[in-house]
Structure formats: C-alpha cells, structure tokens
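In what follows, a structure is listed as structure tokens, so that the remarks can point back to it.
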Amino acid sequence: MSLDERRKTIKELANLTDEEIAYYDGNLTNIADKMVENVIGTYEMPLGIATNFLINRNDYLIPMAIEEASVIAAASNAAKIARVKGGFTAYADEPIMLGQIQIINMDNIEVAQIEILRHKKEIIELANTCDQTLIKFGGGCKDIEVRKISDDMLVVHLLVDCRDAMGANAINTMTEKVKEKIKDITKGDVLLKIISNLAIYRKAYSYAIFDKEALGGEDVVDKILMAYEFAESDIFRCATHNKGIMNGIDALIMATGNDFRAIEAGAHSYAALNGYAPLTHYSRDKDGNLVGSIEIPMAVGIIGGATRIHPQAKTNLKILNVKSAGELAEVAASLGLAQNLAALKALSTEGIQRGHMELHARNIAISAGVPSEIADKVAEIMIKDKKINMEYAKEIFEGIK
Ligand code: MEV
C-alpha cells in the first residue's frame, strides 16, 4: 500500500477521526516512509537541551529526546554542580566492535580452534574486502579472537574498527563474508553471524569531582555514598540506579538517531558481567568532595543509519557539535553520570517526587483536560498549594472558566 492507502485503511479499521489521523502527519512523514515499513506517519517526542555541560574543557549543549519530565532539568543541574570543580573529564576507547560467528559440528574443536588462529591473516584480509570506505578512513577488521563456548561450539570474534559509524552493518556484512572460509577451515557448520552488542572494547569513561559545598555539605556526600552502597549491594535498587543513568544516555542516543536498544543491551550486559553492578562508581577525595565516575560500552555513530537520513538527528549533532563518534560517546557517558548524580542527590535528600511532580504538574494539568495555553497557570497553582493531582487540576480549571 502507499502511505495514503495505509492511512486511509488504519483510519477506517481503528475508527479514527480526522483529527486523530492528523496527529501522525509530521514534517518528516515522507522520510519516515523510506526508513521503516508500513508507515502511517511519525511519532513525536519532546526534544529539550541540557545545559551547563563542561566536558574535557569544552562546553556542550546536549539535545535530549525524552518523554519524562525533570530528566533534562536534573542533568543540567548536576552539570552545574560539576562545573564548580572543572566539569567532566572523559575518554572513549577506539571504536572497536565485535562480530560473532558460531561454529558447530567440527571434526575436532581443538584442531578447529588452532586452525582459525593459523588462518587469522587470511580471514582478516577477506573481511576487509567488504567496505573500502571504512578501510580508507583507517577502520576495518583488525584482529580475531576464538572462544570455546562448549565441547561442540566455537565462536570466532571479528574485532572491527568502525571509526565514526556505529558499525552494525559493516560487521554483519563481514561476518557473512567470511562464513565459507571459516567453514572450510574448521570443517564444521557455521550458524549465526552477527554483531555482539556487548561492546566491551568500545567503552566510554567519565569522571567529575562534585564539590561538597555545591552538593549541600558533607552530610549530602555521606548520603549519596550510602545510596551508592545500596545499589552496589542490592540488585533491585541497582536496576533503578542504572535506569536513571540510561534516562540521560537514551535521550541523547534517540536525539542523535542512534540505536538505543543496542546501547541498552550493551549497558546492562556489561553491568552484569561479574554479577549485576552499578555502571557508576562513587568515592570521596582527600578534601571530602564526591568523586563520581562511569564506565559503559558506548557503540554510537555520527555517520550512517538514521544519523544521516533523519534531518533532526543531523541537526541535533550540529547543536552538540561533536567531531567524532568517540566525542559523542564521551558526552553520552558524562551525561549518564550527571543524570545518576542528580537522582542520587534528590533521592538521598528531599526525595525525587517534589521536583519531579513540580515539573510533571503541566502534564497532569493537560491529562486532566486543561487546554495547553493555561496548563502553566494551573500547574503553578497546584505547585503553590502543594496539591498536584488531576482532581485539583480540574477544580482549578473550572474555577478559571
Ligand atoms: C526515574 O526515571 C529514575 C530514578 O528512579 C533513578 C534512580 O532511582 O536512581 C530517579
């Protein structure tokens, strides 16, 4: 079906009004129609800018696409605290990603393992016939690992330098390219050939020293450290701790057209590598300030995929003004750390709900049927009266009417 036919069909089947079907009519609908299948329009998200970020002595304005109130404000706030002691210091590994090739039914697994290593150079050369642009920019398959998974399962890892691309396409093409060769070498059957999202060689790191006074005093530092200890020792808390980190990271990943599922999969599998653990770390420096750090796989690209096709993703990268995928990874890690610090600070002091609900008050007013032009006014009254709920929003609206 054409886009118009699809829209017409859905409208009829789901009994949508003209107004409802028009919600899907975004500026980018025609581009969206080329990106995925069965498109009927676009789905819009709020896009905000996190401020105050100083990373490796550069200022950044960070575009964030997220539906949750208070995330952008919280990140900006934590970044402001970090600025007191020089902001974030970040580093990104070389962009090495990993493609897996699964082999079974070998004559002998020990022989197959050593034979693959013996043919390493040929396999790498063959993989590197796939993408000449990547090679031109200094990327390509650089090395091979062989892992014995069980008595009859071997896995070959292609270690591929993806330069400024996320790399999934390049890697998947390479793993398929070397399939026959690996089959011949191992005398086995090759099954899966696919990237691994546990991007263990492509991590980003960031740290910041959060001034104890700017945080609210030594007592706050103590409480944040206790909150961190809670996440370290309890998986239920740790899941939410890491979720808070991903609030920031995902929003940037979405805004730049990157694959947020890949980033999520990488983050949580890395967190689980030695028993599920926090992705951030906290301690105190000699002066009693809080030192926060993060270490997280960060497979992001600034070329290829949606980063190239989606005009907003391209423009968001322009706002962010990063020159490489590594720089984007450094910003993402710093943002995740800021987000986590903001959450721990709020949770260990006044609780998350006051700030959250204040920022959420507008959403509540709109959900209660208050027109958007006066939602701010209604939200303001709810905050002042410390009664932030739908019933009260309706009551205020009736009063205004
Ligand atoms: C909410 O989206 C995120 C938090 O729950 C994170 C956390 O608890 O650390 C506030």
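Each ligand, and each atom within it, is numbered from 1 in the order the structure gives. None of these values were measured; they are calculated from a predicted model.
- A side chain to side chain donor-acceptor pair (under 3.5 Å) with E330 is found for one member of N56, N58, T89 and no other, namely N56.
- In this structure, the side chains of R83 and D59 come closer than 4.5 Å at one or more pairs of heavy atoms.
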Q. Does the side-chain contact (heavy atoms from CB on, under 4.5 Å) test come out yes or no for K179 and I101, once each step is laid out?
A. CA-CA 8 Å; K179 173 194 154 164; I101 301 156; 5.9 Å; no
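- In the vicinity of L347, heavy-atom distances shorter than 4.0 Å reach the ligand 1 atoms 7 (C), 8 (O), 9 (O).
- Contact annotation: the side chain of H281 never approaches that of Y207 to less than 4.5 Å [non-hydrogen atoms, C-beta and beyond].
- Taking every non-hydrogen atom of T240 and a distance limit under 4.0 Å, the qualifying atoms of ligand 1 come out as 5 (O), 6 (C), 7 (C), 8 (O), 9 (O).
- Using a 4.5 Å heavy-atom cutoff, the side chains of K121 and E125 are in contact.
- When side chains are defined from C-beta on, I116 counts as touching I103, because their heavy atoms get closer than 4.5 Å.
- Using a 4.0 Å cut-off between heavy atoms, V71 makes no contact with ligand 1 at all.
- Here's the thing with H241: none of its N/O atoms is less than 3.5 angstrom from an N/O atom of ligand 1.
- Among the atoms of N340, none of the N or O lies under 3.5 angstrom from an N or O of ligand 1.
- With ligand atoms numbered from 1 in the order given, ligand 1 contributes 1 (C), 2 (O), 3 (C) to contacts under 4.0 Å with heavy atoms of N247.
- Contact atoms of ligand 1 toward E68: 1 (C), 2 (O) (distance under 4.0 Å to a heavy atom of the residue).
- Counting heavy atoms closer than 4.0 Å to ligand 1, residue R237 contributes side-chain atoms (C-beta onward) but none from N, CA, C or O.
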